[in-house]
Amino acid sequence: MLTLVIAHAVAAVAVPSALGRRRRLMGCAAAVLPAATAVWAVSRAGGGDVTSSLEWAPDLGLAVDLRLDALSAAMLVLVGGVGAVVLCYSAWYFERPERLLTGTLIAFAGAMTGLVLADNLFVLYVFWELTTVSSFILIGAARPDRAADRRAAVEALLTTTAFGLVMLAGFVLVGQAAGTYRISALLADPPGGGAARAGAVLVLLGAFAKSAQVPLHGWLPAAMVAPTPVSAYLHAAAMVKAGVYLVARLAPAFADDGVWRPMTVAAGLASLLVGGVVALRRDDLKRLLAYGTVSQLGLLMLLLGDGTRTAALAGTALLLAHGLFKAPLFLAVGALEHETGTRRADRLSGTGRRLPVLAAAATAAVASMVGLPPFLGFVAKEAAVRAFAHGGLDAAVLAGVVAGSALTVAYGLRFLHGAFGGAADETGDGGRRGEPWGLVAPVAALAAAGFALGVYPAPVQSLVGPYAAALGPDTGFELTLWHGFGLPIALSLVALAAGAAVYGAVGRTFPARTVRRRVPDAQRAFDGAVGSVLAGAHAVTCRVQIGSLPVYLGVIGAMVLVLPGTALVLALVSGDGTAAPVGELRGWDEPAQLVLSVVVAACALAALRSRRRLSSALLLAGVGYGTGGLFVVHGAPDLALTLLVVETLSLIMLVLVLRRLPDRFPPRRRGVPGRIATAATSLALGGFVAAFLLVAALSRTADPVGPRYSRLAAADGAKNVVNVILDDLRALDTLGEIAVLAVAAIGVVGLVMAGPPPPPSGGAAPRPPARPGRWLATPGRPPLAGSSVVLAATARLLGPTILLFSLYLLVAGHGRPGGGFVGGLVAGMAFVLRYLPGGRRELATALPGRPSVLVGGGLALAAAAGASGWASGGAFLHPEALRVSAPWIGDVKASTSQLFDLGVYLLVLGLVATILTTLGAALEEPDAAGTEDWP
C-alpha cells in the first residue's frame, strides 16, 4: 500500500516530464495509476482487512500504519475511478499541455489514497494537509495572473488549514485518552471521558471545514474559479469527501457519545437546507452545482455521523452515487463552457439541441441526484429515508431530509433548464455541428455507471456492507432497487412533487430574482473575519514592532527573567535539596581555562566600550574564538572546530555588512535611566544563565549518558562519538536540522530577491534579464573595484587545499574529529576566499553549479540514505553496512551513515554558497552588482 502511495508521487513528476508536450497522451497516461488503484481496491474488497506498517522512529512510537477495509475500499474506488475519468477528460479540455496541473492532480490522488488508507491519526493528518496544499496549487496556479483565483486558493487554504490544526489538537486529545493513535485499535476500544469528548468535538470541526459544512462552506463556491477538471475531482469526488470520510471512520467509536450525533445532525441538516436554497438563486452553473454539493455533503454528514447500520449503508451508497452524478455534472458544465464560451444559464440557449448526447448524459446524472429510479441515487435515498423512519426525534430529521430532497429536485430542474433549455440559437457558435466526444464520453461514462449500479446494486452492497455491519445488528435491510410500496416511496413522491412546485415558483427565472433583504453571506463573513484579524495584527504590530533591536532583546530578556528566572529563584530559595553543595565547585581544572576565561571576558568588555563597528566585530569574534579554546581544553575538538569555522564565517559576513555602514556607531541617545535598565537586564540575564548552568550541573540524579553513547560507538567500530550521535544514533534530529537549513537557504533567497535588482550606475541602460538557467557571470569581466591581486592569487592557491581538507574531515569523521557539517563549513570557507577578492564573478568561476542544486541534492541524498534502511526491512535512518570488492583494493566497507553525512556536507556547502550569491551580491557596490546576472 505504501508502494501505491509512493508510485503516485513518482508519477506526478515522471508523467508530465516525459509526456509534457503531448497533451492527450499525458492526460491518458496520468489516468492509468488512479484506475489501477480503483481496480486493486475492488479486487481486495470482501477479502478481509489488509494491513501494512512501516516503522519510522520506533523509539518515539512513530510508524506509517496503513489499512484497507470496506470503507477505505469504497473511497478508493471513488477517488481512483473518478480521478481516471477526469484526467482523461482534461486531455481534451485544455487547449495546451498543463504539466503543473496534471502532475498536481496525480499527487492529489496519491494524497487522497494515503488519507483513506491511513490507520494512524498522525499519518492521516499528514495526508490531510497534503490534499490541502495540492488543492491550493490546483485552484490558484492554473491562471496565476488572475487575482480571483489567488484569492479563492488562499481562502480555501486558510479555512481548511486553520480547522485542520484544530482537528490535530483533537487527534492529540483522543490519542492520549485512548493510549494509542492507531485508528483500528481506537475503534476496537473507544476512549471515554471529558478529554476524549473534547477531542471528538475538535475533530468534527476540522471535518466540517473540509467538507464545507455551514457556516464553513464559503470556500467551496469561491473555489469554482478553478478549471472544470479540478472542480469535478476535488469538489465533487475527492477532497470534499475527506471530511465525511473522517466522520464515517470515527463514527463507530464516538456515535454514542453525547455530542457526536447532535453536532453531525445539526450541521448536516443546516448544510442540506441552506445549500439547496442558495443553489436556487445561482445563474452560474458551476456555482449552482457548488451549493448543491454543500447540500449533498450535508446529507452525507447526517447519514455517516448517525452511527447506525442503515444510515451507514445509505451514507456509503450515497457517497459513491454523489461522485457518479456530481462529477459528470461539473464535467458537463465544462463541456458547455468549452463549446459556448460561457457557463451562465441566462446566456445559454438551445444547447440541448446542439449537444443532445451531452444533454442526455447530464439529464441521467440529474435523475440520479434527485433520486429517480433506476439510478443509484434513488437506491441510496430510499435507504436514507428508511434510516430515520422510526418516529420521535428521527421524524424531525426525516422531515429535514425530505425538505432537502425537494430542494434538490428544484435546483436539479433549474440546472437542466439553464444548461440545455431554450430555443436553438443558430447564430455564432450555434451553427456548429458535432459534439466534442473527448468531453462528452467521460460524462456519459460516469452517468452510465450510476445507472448500472442502480439497476444492479449488489456490487455496492458487497463493497460497503461490511462497514455498515460493524455499526449494529443485522436488520435484514440491504441495498436493492425495489423494496415494495411503503413510506420511502411515498415520501419520495412528496419530495418530487414539492420540488417541482418550488422550481415552478422561484427557480425557473433567469437571471435569478434579486432579494432585496440583506441575508447572511459566508463570503462576507470570511472577508470580515480576515479583515478583523489583519486590523488587529496591524494595531499590535504598530505598538510592538518599533524597529529597535535593543528593545526587542530587552523584551525577550525580561520575559526570560520573569518566567524561568522566577521559577529558578524560588527553587533555590526553597532549598529542596536537589542541588549538590556549592563546596563541590572548582574554580578551574587547568590554568588554561582561567586564561581563556579572562580573554573572553576582556573581549566582551572591550566590545562594549568600542565605538567602531569593525573593532566591535573583531572583539566579538575574539569571544567566540576564546570559547572554542575552552572546548579544546575540555576535550571537545569537534565542537571547537565547528565553532571556529562558524565564527570565521560569521565574521566575514559581518564585515561584508559593515562595508555598507558608517565606520562608527551613532552617538548614544539613551539617558541615564536607559543605561541603568540595560545594565541591570544584562547583569540579571548573566546571573540567570550562570545560576541555571550551576543548578543543572549539580542537580544530576541519573547516570550520565556519555558512557552509553561511547559504548554504542565502540560497538560500531567508531571513535568519534559526536559524529556517531549525529549520523547514527540521533540521525532523525540531524535530518530535521538540515531541513531547517534548507528552509533558511530558501528564506535568504526570498528575502534578498523580493525587492528589485540594484539599478545600474551612471545612467546606464537597464540590464536585460538573465537567460533561464543561467547564473554564472559572464567571462572576461573585470573583478570588483578595489580587489587585491595578492588576495585573489592567495585564494586560488589555498582554495584546493582547503577543499581537500574538508573532504578529509568528511571521510575521517567516523574515527577522528570531523564530519559532514564541519566539512561543509570548511569547504564553504574555500569559496568565501574566492568571493572576497572578486565577488560573484570569481565565485561563479569556482563553483561548478547552482547553490540550490547543492542544497536540494544534499537534503535528498540524506533522506535517501535514511530510506535505504527500509530496503533491508529496518527502520528509517537505520544505518546499513555496505561491502564492495574492488580490484587491487580489496574489500571496502562503508555505511549508509556516511552517505547521510555526505548529504549534510553538500547541504551546508550549498547554504554558504547561497548566502554568498544572494546576500553578498546585495551588499556589493551598485556598479559592481549591476554587472552581474542575478540567480
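Along the sequence shown, residues carry numbers from 1.
Atoms CG and CG, from L649 and L654 in turn, are 12.5 Å apart once rounded to the nearest 0.5 Å. Distance check: S616 OG to L608 CG gives 9.0 Å after rounding to the nearest 0.5 Å. Of the inter-residue distances, the one linking H634 atom NE2 with L639 atom CG reads 11.5 Å to the nearest 0.5 angstrom. In this structure, CG on L735 lies 12.5 Å from CG on L726, to the nearest 0.5 angstrom. With rounding to the nearest 0.5 angstrom, the CZ atom of R664 is 4.0 Å from the CZ atom of R612. How far CG of L644 is from OG1 of T627: 10.0 Å, rounded to the nearest 0.5 Å.
In this structure, T681 contributes its side chain and G554 its backbone to no donor-acceptor pair below 3.5 Å. Between the side chain of D901 and the main chain of G819, no donor-acceptor pair closer than 3.5 Å is present. A donor-acceptor pair under 3.5 Å is absent between the side-chain atoms of S610 and the main chain of A606, judged by distance alone.
Between the side chains of S806 and Y905, a donor-acceptor pair is found at a separation under 3.5 Å. Looking only at atom types and distance, the side chain of D638 has a donor-acceptor partner in the side chain of N720 under 3.5 Å away.
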Checklist entry - Can you check side-chain contact (heavy atoms from CB on, under 4.5 Å) on M559 and L563, steps first, answer last? => result CA-CA 6 Å; M559 294 306 297; L563 297 178; 4.0 Å; yes

Checklist entry - side-chain contact (heavy atoms from CB on, under 4.5 Å) between F831 and I802: does it pass, once the steps are laid out? => result CA-CA 9 Å; F831 294 102; I802 296 176; over 6 Å; no

Checklist entry - Is there a side-chain contact (heavy atoms from CB on, under 4.5 Å) between S852 and T914 once you walk through the steps? => result CA-CA 7 Å; S852 58; T914 299; 5.9 Å; no

Next on the checklist: Please evaluate residues L854 and L907 with respect to the criterion side-chain contact (heavy atoms from CB on, under 4.5 Å), reporting the C-alpha separation (whole Å), side-chain torsions for both, the decisive distance (0.1 Å), and the verdict.
Outcome noted: CA-CA 6 Å; L854 293 175; L907 188 142; over 6 Å; no

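A 4.5 Å side-chain heavy-atom check between L641 and L809 finds at least one atom pair inside the cut-off. Using a 4.5 Å heavy-atom threshold, the side chains of Y552 and Q545 count as touching. V826 has its side chain within reach of F805: a pair of non-hydrogen atoms, C-beta onward, lies under 4.5 Å apart. Looking at I652 and M829, their side chains come closer than 4.5 Å, going by heavy atoms from C-beta outward. With a 4.5 Å cut-off on side-chain heavy atoms, R834 and R796 count as touching. Side-chain contact check for T648 versus Y625: some heavy-atom pair is nearer than 4.5 Å. In this structure, the side chains of V569 and T566 stay at 4.5 Å or more apart for every pair of heavy atoms. Between D589 and Q593, the closest side-chain pair of non-hydrogen atoms falls below 4.5 Å.
Here the closest non-hydrogen pair linking R613 and P666 is NH2-CD, 3.5 Å. Considering all non-hydrogen atoms of both residues, L899 and A865 come closest at CB-CB, 3.9 Å. Taking every heavy atom of both residues into account, V904 and F821 meet most closely at CG1-N, 3.8 Å. The two residues I738 and A862 make their nearest non-hydrogen contact at CD1-CB, 3.7 Å. Closest heavy-atom contact between L859 and A742: CD2-CB, 4.1 Å. Here the shortest heavy-atom pairing between C603 and V623 reads CB-CG2, 3.6 Å.
More than 12 non-hydrogen atoms from other residues, nucleotides or ligands lie less than 6.0 angstrom from CZ of F665.
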